[in-house]
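First up is the structure itself, then whatever we jot down about it.
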Amino acid sequence: TKKILQPINALNLEHPLENTQIYDEIVPFLTRIEKQNHQLHERIEAQRRQQEELTAITENMREGLVVIDQNAAVLSMNKSARRMLHVEENEFTGTSVYAYCRSKEFIGLIERVLDGEGGDAVIQWQERALRMVVSPAEAMDGAKGATLLLTDITETYSAEQMRREFSANVSHELKTPLTSISGYAELMMNGMVKQEDVAPFAKRIYDE
């Protein structure tokens with residue numbers, strides 16, 4: 001029995017058809033294994049290429065992309081996200097995403113998305129304004145988690161804040177002279193000003 005089984009036990013299943021001491025009866029079986037090995041290698045190579053393409057895309061995105069599991073542990077984080085959250089490369093896998101940002105809005109969005117709801121908000125973090133969009137995610141095996149998309153809008157946000165402040169300041173600065181102009185003009189329109197006072201009132205309106 002040992003002598004009969006010895007060629008079978010010595011088969012090289014990585015290269016089935018290269019075995020020299022084989023029985024004719026198992027050649028179809030080895031041919032099937034060879035074909036399956038070839039198909040498996042093709043699938044692995046296709047997945048490797050897809051992974052490389054995906055990595056190339058995500059690593060060159062201007063937006064930050066973070067993927068977390070249902071326990072808020074980081075599964076992946078691209079270069080832009082690491083830059084925005086000040087995370088060193090290869091120091092994030094398995095770490096809780098809460099370790100990188102303690103903003104109230106950030107924590108609220110994470111809790112919300114882990115409950116299955118999407119959302120977005122502007123987060124103020126370390127002198128930067130980040131717009132974060134969160135979406136629930138579910139893998140083919142049923143595992144749940146979420147994706148976080150971060151966009152640095154600091155310059156746009158600052159410009160908008162400056163526009164708002166400018167509008168508020170202009171409104172405040174114009175309110176007093178316009179009130180004065182309106183008051184004097186109303187008195188003159190209603191004939192409540194003596195003729196000799198018309199010129200001084202007109203001068204005040206002009207000055208304002």
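Because the structure is predicted, anything quoted here is derived from the model rather than measured.
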Keeping [X] on the side-chain end and [Y] on the backbone end, is there a donor-acceptor pair under 3.5 Å?
{"X": "Ser96", "Y": "Tyr98", "result": "yes"}
{"X": "Asn37", "Y": "Leu13", "result": "yes"}
{"X": "Thr147", "Y": "Val67", "result": "no"}
{"X": "Asn9", "Y": "Lys2", "result": "no"}
{"X": "Asp152", "Y": "Thr154", "result": "yes"}
{"X": "Tyr23", "Y": "Ile4", "result": "yes"}
{"X": "Arg62", "Y": "Ser80", "result": "no"}
{"X": "Ser182", "Y": "Leu178", "result": "no"}
{"X": "Arg131", "Y": "Leu150", "result": "no"}
{"X": "Asn71", "Y": "Ala73", "result": "no"}

Write down the atom of [X], the atom of [Y], and the distance for their closest heavy-atom approach.
{"X": "Leu11", "Y": "Ile26", "value": "CD1-CD1, 4.1 Å"}
{"X": "Gly64", "Y": "Asn78", "value": "CA-OD1, 3.5 Å"}
{"X": "Glu173", "Y": "Pro177", "value": "O-CD, 3.1 Å"}
{"X": "Ile33", "Y": "Pro16", "value": "CG2-CG, 3.5 Å"}
{"X": "Ala72", "Y": "Ile110", "value": "CB-CG2, 4.4 Å"}
{"X": "Ile205", "Y": "Ala185", "value": "CD1-N, 3.8 Å"}

Does [X] [atom1] have over 12 foreign heavy atoms under 6.0 Å away?
{"X": "Met162", "atom1": "CE", "result": "no"}
{"X": "Arg32", "atom1": "CZ", "result": "no"}
{"X": "Glu196", "atom1": "CD", "result": "yes"}

Query raised in the report: Under 4.5 Å between side-chain heavy atoms, hopping through other hydrophobics if needed: is there a path connecting Met188 to Met192?
Result: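 Same hydrophobic cluster.
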Report task. Verify the cluster assignment for Leu5 and Leu30: are they in a single hydrophobic cluster under the rule of side-chain heavy atoms below 4.5 Å apart? Result ->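 Same hydrophobic cluster.
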Requested in this report: Can you tell me which residue pairs pass the salt bridge (Lys or Arg N to Asp or Glu O under 4.0 Å) test with a partner in residues 35-47, sequence neighbours excluded?
Outcome: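 Only Glu45-Arg48, Glu45-Arg49 qualify under salt bridge (Lys or Arg N to Asp or Glu O under 4.0 Å).
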**Report entry** Residues Thr179, Lys175; criterion side chain to side chain contact (heavy atoms under 4.5 Å, CB included); working and verdict
**Finding:** CA-CA 6 Å; Thr179 300; Lys175 186 175 181 180; 4.2 Å; yes
Query raised in the report: Within a strict 4.5 Å, meaning less than it, do heavy atoms of the Glu111 and Ile107 side chains meet?
Result: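 In contact.
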Return the [atom1] to [atom2] distance between [X] and [Y], rounded to the nearest 0.5 Å.
{"X": "Glu117", "Y": "Leu109", "atom1": "CD", "atom2": "CG", "result": "11.0 Å"}
{"X": "Thr151", "Y": "Ile123", "atom1": "OG1", "atom2": "CD1", "result": "10.5 Å"}
{"X": "Met84", "Y": "Met77", "atom1": "CE", "atom2": "CE", "result": "11.5 Å"}

Requested in this report: List the steps and the verdict of side chain to side chain contact (heavy atoms under 4.5 Å, CB included) for Arg112 and Val134.
Outcome: CA-CA 9 Å; Arg112 179 176 175 178; Val134 298; 5.8 Å; no
Report task. For side chain to side chain contact (heavy atoms under 4.5 Å, CB included), just list the numbers for Tyr100 and His86, CA-CA rounded to whole Å, side-chain angles, deciding distance to a tenth of an Å, and then say yes or no. Result -> CA-CA 8 Å; Tyr100 302 118; His86 303 284; over 6 Å; no
Report task. Report the residue from Leu65, Leu85, Val66 that forms a side chain to side chain contact (heavy atoms under 4.5 Å, CB included) with Leu148. Result ->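 The option that passes is Val66.
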**Report entry** side chain to side chain contact (heavy atoms under 4.5 Å, CB included) evaluation trace for Ile68 with Leu114
**Finding:** CA-CA 9 Å; Ile68 61 175; Leu114 291 179; 4.1 Å; yes
